[in-house]
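We name chains A, B, ... by the order of the sequence lines, and we start the count at 1 in each one.
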Amino acid sequence: LSGVADPDDLAAASTFLYRPRRITVNMLQYLCAGALCALLAPALALAADKPIVNEKFSDLEPAIQMLRDEIGKDRRDVVKANMLLTNSEAARFWPVYDEYRAEMRKVGDRRVKLITDYAASRDSMSEDEANRLLKEALDIDKQRTEVKEDYIKKFEKQVSARTTARFFHIESKLDAVGDAVRAAKIPLIY
Amino acid sequence: LSGVADPDDLAAASTFYRPRRITVNMLRYLCAGTLCALLAPALALAADKPIVNEKFSDLEPAIQMLRQEVGKDRRAIVKANMLLTESEAARFWPIYDEFRAEMVKQGDRRVKLITDYAANRDSMSEDEANRILKDRLDIEKEKVDIREKYVKKFEKELSARTTARFFQIDQKLDAAVDAALAARIPLIY
C-alpha cells in the first residue's frame, strides 16, 4: 500500500473551516480504517438472508460490522459538535437524523458488496462483470442523492432551511473524505 | 486558511497503483482552481449567461485560465493511465473530449453555486439556503446522468473493462477535487 495517502493527511480534508464553530475531527481515522478494511476483505450481513459481502471474504464479516458501527457513532459526534442545536431543535433533529443514517447504511451495504465483488474479481474480470460493477457504482451514487433529497424535506419540516443546509453541508464534507479515501485505496482495474 | 489540507496531501488521493502507476501533481492546479473558485471566481463562456456571482466578476479571466489548465492536466493523467493502443486511442479521445465538454458545462453550474454561496453566506435567507442545497443535489444528479450516458458511448467503441478503467480514473480525480472543495468551503452560519 505504498504511495497511499496517510489517514491523517485526509483527516485534514474534513477539518471544518473557519470560525465560528470550528472543530478538529479525528474520526476520519476510523473512516480510513473502514474503507481499507472494506477493500481488503469486508463482510456484513444485516439480515442473514441477504449477504452484503462477497462470499470470498465472508470470514471478515464481524470485523467490518464492528468498524461500521464505530464509524457511525463517530460520525454522529462530529455532526453533534458542529450543529450546535438548541435543546428544542435537538429534540426534533435527532430522530430524523437517525432515520436518515439508517437509510444511508443501506446505501453503504450496497457499496460494501460492490467493493468486495470488485476485489474478488479484479484479477480476471469478465466484460459482463466490468459493465455490471460500473453501472452499480453509478446507481449507488444516484441512490445516495435520492436519499438526501427525501430527507431535505423531512428535516425542513422540523428545523429551518439554514439549519438543514448546514447539516447537509457537514454530511457532504464527511462523504467527500470517505470518497477520497476509497479513491486512494482502491486500485484500478487491470 | 489554517487547518486546511495542503494540496500535496490531496494529491496522494489520486495515486494510482501498479500497474500503470503515475505520480500526480496536477492536483495542485485543481486545488488552486477550487480555492480561486471559492475566493472569487468568474467565468462567462457565452457572454449572455454569467456563471459567476456578479460580486466576483472581476476575477473571471483568472478562473477561466485556471480551468483550462486543469483540463489539460486532467487529460494528461488519463492518457498516462489508460495506456491505450493506437487503434483504441483513435476511438477513445473524441468521446473523451465530448464527455469533458459536458462536464465543463456542469462545472459552470458548480462555479455559480459556490460563488452564490460565498456572496450570501453571511446573511442567507431561508429561501436562498433551500435553493442552494437543492441546486447542489441537482448538480450531483446531473453528473451521474452524464456518466451513464457516456458509459454507453464508450462501450460502443471500447471494451467494458477499458470503459470501467476510465471511469475509475475519472472518479479518482473527482474525489480529489471534491475533498479539496470540502476542506475549503466553510459551513453556513
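- With a threshold of 4.5 angstrom between heavy atoms, B:Glu155 approaches chain A through side-chain atoms but not through N, CA, C or O.
- The backbone N or O of B:Leu181 lies less than 3.5 Å from no partner atom in the side chain of A:Lys173, so there is not a single donor-acceptor pair.
- Of all non-hydrogen atoms in A:Thr145 and B:Glu140, the two that sit nearest each other are OG1-CB, 3.9 Å.
- Between A:Glu149 and B:Lys141 a salt bridge is recorded (basic side-chain N to carboxylate O distance below 4.0 Å).
- The contact between A:Ile152 and chain B is made entirely by side chain atoms (from C-beta outward), counting heavy-atom distances below 4.5 Å.
- Heavy atoms closer than 4.5 Å to chain A are found in the backbone of B:Ser125, but not in its side chain.
- Contact of A:Glu156 with chain B is made through the side chain alone, with heavy-atom distances under 4.5 Å.
- Considering every non-hydrogen atom in both A:Asp179 and B:Ala175, the closest pair reads O-CB, 3.9 Å.
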**Candidate pair B:Leu137 and A:Glu146, rule side chain to side chain contact (heavy atoms under 4.5 Å, CB included), full reasoning** = CA-CA 9 Å; B:Leu137 292 179; A:Glu146 283 165 2; over 6 Å; no
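- Between B:Ile169 and A:Leu188 the shortest side-chain heavy-atom distance falls below 4.5 Å.
- Taking both residues in full, the closest heavy atoms of B:Ala182 and A:Ala176 are given as CB-CB, 3.7 Å, listed atom of the first, atom of the second, then distance.
- A distance of 10.5 Å separates CG in B:Asn130 from NZ in A:Lys153, rounded to the nearest 0.5 Å.
- A:Ser172 approaches B:Arg136 most closely through the heavy-atom pair CB-NH2, 3.2 Å.
- Here A:Phe168 contributes atom CZ and B:Ile132 contributes atom CD1; the two are 15.5 Å apart, rounded to the nearest 0.5 Å.
- A donor-acceptor pair under 3.5 Å links the side-chain atoms of B:Arg165 to the main chain of A:Ile189, judged by distance alone.
- Using a cutoff of 4.0 Å between basic side-chain nitrogens and carboxylate oxygens, A:Lys142 and B:Glu148 are scored as salt-bridged.
- Atom CG of A:Asp141 is separated from atom CG of B:Asp174 by 10.0 Å, given to the nearest 0.5 angstrom.
- The shortest heavy-atom contact between A:Arg162 and B:Met124 is NH1-O, 2.7 Å.
- The minimum heavy-atom distance linking B:Gln168 with A:Pro187 is given by the pair NE2-O, 3.1 Å.
- With a 4.5 Å cut-off on non-hydrogen atoms, B:Asp145 touches chain A through its side chain but not through its backbone.
- Remark: A:His169 NE2 to B:Tyr117 OH distance equals 4.5 Å, nearest 0.5 Å.
- Heavy atoms of other residues, nucleotides or ligands lying less than 6.0 angstrom from NZ of B:Lys153 number more than 12.
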